[in-house]
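Protein chains get the first letters and strands the later ones, always in sequence-line order, with residue 1 at the start of each. Heavy atoms only: backbone and side chains are in, while hydrogens, waters and symmetry mates are out.
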There are 2 protein chains.
Amino acid sequence: MTLPHLDGSGRPTLRTVAALAGVHVSTASRALTQTPPAGARAASKDTIARIQRVATEIGFERNPHGAGLRTSRSHLVGVLVPRLTDVVLSTIYEGIDERARELGYQAFVVNGRDVADQRWAALEMLLARRVDGLIIGDARLADDDLVDSLVARHVPFVLTNRHAGDHPAVTCDDYAGGVLAAEHLLELGHTDVAVLAGQPYASTGHERSAGFAATYAAAGHPVPGHRILHSAFDVAGGRVATTALLAQHGPPPSAVFVVNDFAAIGAIGAAAAHGLRVGDNIAIVGYNDIPIAAELPVPLTSVASPMHDMGARSIELLLQVLAGETVAPERLAPTLSARESTTASSVTAHRAPQIQPRPAN
Amino acid sequence: MTLPHLDGSGRPTLRTVAALAGVHVSTASRALTQTPPAGARAASKDTIARIQRVATEIGFERNPHGAGLRTSRSHLVGVLVPRLTDVVLSTIYEGIDERARELGYQAFVVNGRDVADQRWAALEMLLARRVDGLIIGDARLADDDLVDSLVARHVPFVLTNRHAGDHPAVTCDDYAGGVLAAEHLLELGHTDVAVLAGQPYASTGHERSAGFAATYAAAGHPVPGHRILHSAFDVAGGRVATTALLAQHGPPPSAVFVVNDFAAIGAIGAAAAHGLRVGDNIAIVGYNDIPIAAELPVPLTSVASPMHDMGARSIELLLQVLAGETVAPERLAPTLSARESTTASSVTAHRAPQIQPRPAN
DNA sequence: TCGTTTTCGCCAAACGTTTGCGCAACGTAG
DNA sequence: CTACGTTGCGCAAACGTTTGGCGAAAACGA
């Protein structure tokens, strides 16, 4: 019975540590688990210190397979996103990853591509890996059988980015964001507006448009149905929808609220192709305030959502769920970043003299 | 001794399957491992079929902790990236993830932020998780002690995105990409050019600029040293460096090769702030051809790198390394996507009549 | 001095899987 | 009918960890 690492072979294990510290492997285990409740049951202060010193000296790292096998906890949380190449999702993920690590967990992300088959496959993979819980970034508004199945299977989870039903969720207060956008455009005097509302199954686009439309209706300028179009959450989707919008008979709207910055960039392109100059004779408001928004040739006014914080907060909520607590959905407040795509408009400027100052960043 | 899943508790295990199929657990194990060599030593065709039927019926999924403990292989590969919110890296990662899954592996990504401490922490985390191998996306050109330590510790790995030394790597042929950019600008008649070369520790920027500079030198127009600036690989970096470039005395260059699209977008902004119109009196070439490049108000000419394929190819190489084969570095060919940021230029148009046609996409 | 409590640390079983070994039973050749 | 190779499958040990139980020693009160 040789010891790993002592004979130069393989990694050190608990046995190695125990032998070097002259204690039993179980004692070593207790000394190295930081949980204070079990710590009371453990060894003397001296022994603990000695074991810990040995452990760090020989670079012992607990084998998660052994531990996971015994405890059936992996300290892994699965994250299901609709797309990782979307900076919104990858920023949320960064928030999750960072905070999870601080809390002793690790985030394991998979890509569901917002497609039924792939979502299921990705989910099964995560469960097969025995994640302790899930953060779902691609929930669907109605009849999301994947989310339902999690409930049925008693898998702990938290929704983020999009919410659904009254499941635990951390999202941006998208309705309020829509209100912000509407108030901004109303202040600038726009009464003839349109909305690119995103995919109908995503709560994000749905609520953003709802807040926007409600505010306009309350101001006495209800947005007509043909001026509310669905679109994909990417550049191409925004371009296609805007092209369709501008092809409608009658004069084009003086402002468009696009529920996603990428789609807004597509809208800008389509508007330009149609001979319109953004910030000059058409105003555009995006959503999320991704880093590139401020850097566009005509900087884009956008409703900023706290993506990073959403991620961080969702892992915190998940840990509460894992601890058996019941948690309520949370909505984080958005803010408006007004820029030239609305405020520099000569058209709108003479409609309403008060112009929002551009924030420093 | 009750069986999991039969009494409604917990997940089914191999024991459950074996009991239901009326065989020993070891037989069940053999029947469910698809490896043909061991398959020969396994059970009869009938028995195997029966076991497999039972397994799928009750939804058995091998517990990776148990298996990993026994085999000390996790079928997990770690991916270390400098930043996941960068679409270049996330696209590479998507390529890795997709192909890895096809090959029976799973990719586990972590963020090193291109910062020494974080890289090390992320690496140790991956190794603590017992990944079978690593794909490193943030290698540094000189004295990368992290990569060196992998060699010393005999951890199988493959570099991607950036290469270093003659370690196994899958990258874009960045030198060739620089040549492409130079040839394009030379054809358009630009003789007075500048380069934003990225971070000095990244092979990508280094080689792209080298290929570019060598081509210009060979054409009799060497790029002067003060016209080659380093910059971060993001919008802000490009803006800062371009502002510095344009603050130099003398006339501004007629074209700038920026080794990264995000930085190129920053360069566009800085140029605009300096009163220059891109594609009109200054030409800009980016690198990577990220999706947004084609959608900018002035579509950006960019050297397209096969990001997705790079990812897919690197996991293939890693599996070869894991199999004990020795593999040579690979460089995938870039292509040029010429667009209005160079070709619509009225300045350059009269310098050189032949204008590259804009590709369909 | 002796009982009683507390502290410290060992023992052993268990988690779910893989795999070398060995033993029947069967078929085939001599 | 014996000898032998092959096929099919069970046995048991191991992988590294955690944790309930328990005994020995130390601390304490009377």
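Projected onto DNA chain D by closest heavy-atom contact, B:Val23 and A:Glu61 fall at different nucleotides, the more 5' of which corresponds to B:Val23.
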Under 3.5 Å, which donor-acceptor pairs link side chains of residues 48-56 of chain B to any protein atom two or more places apart or in another chain?
residue	atom	partner	partner atom	Å
B:Arg50	NH1	B:Ala21	O	2.3
B:Gln52	NE2	B:Ala31	O	3.3
B:Thr56	OG1	B:Gln52	O	3.3
B:Thr56	OG1	B:Arg53	O	3.0

Let me check something: any side-chain donor-acceptor pairs from residues 318-330 of chain B under 3.5 Å, sequence neighbours excluded? List them with distances.
residue	atom	partner	partner atom	Å
B:Glu330	OE1	B:Arg313	NE	2.9
B:Glu330	OE2	B:Arg313	NE	3.2
B:Glu330	OE2	B:Arg313	NH2	2.9

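To the nearest angstrom, P of C:dG16 lies 11 Å from CZ of B:Arg11. Note: CZ (B:Arg50) to P (D:dG8) measures 13 Å, nearest angstrom. Protein atom CZ of B:Arg130 is 9 Å distant from nucleotide atom C1' of D:dG16, rounded to whole Å. Atom pair B:Leu32:CG and C:dT17:P shows a separation of 9 Å (rounding to whole Å applied). Rounded to whole angstrom, the span from the CD1 atom of A:Ile51 across to the C1' atom of C:dC8 amounts to 11 Å. When rounded to the nearest whole Å, the span between CZ of A:Arg30 and P of D:dT17 equals 15 Å. Rounded to whole Å, the distance from CG on A:Leu14 to P on C:dG9 is 16 Å. Distance NZ (A:Lys45) to P (C:dT6): 18 Å, rounded to an integer number of Å.
Here A:Glu124 pairs with A:Arg153 under the side chain to side chain donor-acceptor pair (under 3.5 Å) rule; sequence neighbours left out. Residues passing the side chain to side chain donor-acceptor pair (under 3.5 Å) test with B:Thr91, sequence neighbours excluded: none. Partners of A:Arg130 by side chain to side chain donor-acceptor pair (under 3.5 Å), not counting sequence neighbours: none found.
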Pairs under 3.5 Å (N/O, protein and nucleotides 12-15 of chain C):
residue	atom	partner	partner atom	Å
C:dC15	O2	A:Arg70	N	3.2

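Using a 4.0 Å cut-off between charged side-chain N and carboxylate O, A:Arg162 and A:Asp138 make no salt bridge.
With D:dT17, D:dG10, D:dG21 as the candidates, the nucleotide lying closest to the side chain of A:Ala67 is D:dT17.
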